[in-house]
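Report on the structure given below.
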Amino acid sequence: MRARLIAFVIAGFLIGAIAGAGVLLVANPQGGQPVQSSGAALIGGPFSLVGADGKPVTDRDFRGRYTLIFFGFTHCPDICPAELQVIALALEQLGDKAKTVVPIFITLDPERDTPEAMANYVKSFGPNFVGLTGSPEAIAAAAKAYRVAYAQVKNKDSPGDYSVDHSALVYLMDPEGRYVTHFSYGLSADQMAEKLEKSL
């Protein structure tokens, strides 16, 4: 399981790294070398999910503010709570600038992560954290837009239990919902705060 998780993290990092550089490799239909083109990063897009109060929430509700978006699940034993804590500490270091940033946690486990479960979970990291869930289809669409890789993994010893392997990048989106940069798992709060300071 650990090997799978590491693979997902690496896959997510590679996807983000390519997107961050704004580089797209396109296959050459003539069978030659791929054509490299540059432009806007292919990260982000519209989403329609459900907030802590059970009401619809879309990406447009956050226009005018930066967003830090991280995908995970509340039953995650280590990576998710650790990364959310890093986000909380980094925002704390920003002082008043943090008021322009909305930290958003989107579940990849809608089966267990109800609006109430998400609300109870994110409040542990700060009052400004937003937890979003939705139907499996809506979650899949949001994950696809952000190039998030994830898969449910059954527990062989407990048939009714499962975990979710997923890539672990935090995305910074600008007030218009456009990709700015990403933060890879393992970055310290100090490093994230420094990078945020330069990006806002």
Side-chain angles (χ1 to χ4, degrees), residues 1 4-5 7-9 11-13 15-16 19 41-84 87-88 101-156 158-180 182-183 185:
M1 180 174 172
R4 283 196 305 270
L5 183 55
F8 270 97
V9 172
F13 175 75
I15 292 168
L42 302 175
I43 295 288
F47 61 74
S48 183
L49 299 170
V50 178
D53 56 4
K55 295 181 180 179
V57 175
T58 74
D59 57 295
R60 301 201 64 81
D61 292 320
F62 303 101
R63 291 294 183 268
R65 293 171 290 175
Y66 285 90
T67 53
L68 274 174
I69 300 178
F70 181 65
F71 288 77
F73 63 116
T74 65
H75 287 70
C76 182
D78 42 33
I79 288 178
C80 298
E83 195 64 19
L84 291 173
I87 293 171
V101 183
V102 182
I104 301 173
F105 180 54
I106 300 177
T107 185
L108 295 170
D109 183 17
E111 183 179 330
R112 295 180 294 194
D113 289 342
T114 63
E116 182 180 9
M118 292 296 286
N120 289 333
Y121 188 76
V122 297
K123 71 181 181 183
S124 300
F125 302 97
N128 297 325
F129 275 74
V130 174
L132 300 179
T133 185
S135 68
E137 294 77 17
I139 294 297
K144 182 178 180 181
Y146 284 83
R147 306 300 189 264
V148 174
Y150 71 105
Q152 194 179 101
V153 180
K154 298 292 184 181
N155 185 335
K156 295 179 180 179
S158 179
D161 190 22
Y162 62 89
S163 184
V164 181
D165 283 357
H166 61 92
S167 51
L169 294 177
V170 179
Y171 300 102
L172 176 64
M173 312 300 287
D174 75 9
E176 295 302 316
R178 296 170 300 207
Y179 172 87
V180 177
H182 67 272
F183 306 90
Y185 177 72

Row check, Tyr162 ring normal vs Arg112 NZ/CZ: under 6.0 Å, within 45° = yes
Kindly list each side-chain donor-acceptor pair under 3.5 angstrom involving residues 115-125, sequence neighbours excluded, with atom names and distances?
unit_1: Asn120; atom_1: ND2; unit_2: Glu116; atom_2: O; d: 3.3
unit_1: Ser124; atom_1: OG; unit_2: Tyr121; atom_2: O; d: 3.4

Starting at CG of Leu108, measure out to SG of Cys80 and round the result to the nearest 0.5 Å.
-> 7.5 Å
Thr58 side chain vs Arg60 backbone, donor-acceptor pair below 3.5 Å | yes
So, for Gly45 and Ala145, which heavy atoms are closest and what is the spacing to 0.1 Å?
-> N-CB, 4.2 Å
Say you draw a straight line from OG of Ser163 to NZ of Lys154; how long is it, rounded to the nearest 0.5 Å?
-> 11.5 Å
Other residues, nucleotides, ligands: >12 heavy atoms within 6.0 Å of Arg63 CZ | yes
Heavy-atom side-chain contact between Pro81 and Cys76 under 4.5 Å | yes
Shortest non-hydrogen contact from Val164 to Phe73?
-> O-CE2, 3.2 Å
What's the spacing between Asn128 CG and Ile87 CD1 if we round to 0.5 Å?
-> 12.5 Å
Short side-chain to backbone donor-acceptor contact, Tyr171 and Tyr146, under 3.5 Å = yes
Closest approach of Gly134 and Pro110, non-hydrogen atoms and distance?
-> O-CB, 3.0 Å
Ring-ring centroid check Phe71 Tyr150, cutoff 6.0 Å = no
For the residue pair Phe62 and Phe47, does the interplanar ring angle fall in the parallel (under 30°), tilted (30 to 60°) or perpendicular (over 60°) class?
-> tilted
Among Thr67, Val57, Ile104, Ile106, which one satisfies side-chain contact (heavy atoms from CB on, under 4.5 Å) with Val130?
-> Ile104
After noting the C-alpha distance and the side-chain angles of Thr114 and Thr133, does the key distance pass the side-chain contact (heavy atoms from CB on, under 4.5 Å) rule?
-> CA-CA 7 Å; Thr114 63; Thr133 185; 5.9 Å; no
Does the side chain of Met173 come within less than 4.5 Å of Tyr179's, by heavy atoms?
-> yes
Does a donor on one side chain and an acceptor on the other come within less than 3.5 Å for Asp113 and Thr74?
-> yes
To the nearest 0.5 Å, atom CZ of Phe183 lies from atom CG of Leu169 at 11.0 Å
When rounded to the nearest 0.5 Å, the distance separating CG of Asn155 from CG of Asp161 is 5.0 Å
Is the shortest heavy-atom distance from the side chain of Tyr66 to the side chain of Val102 under 4.5 Å?
-> no
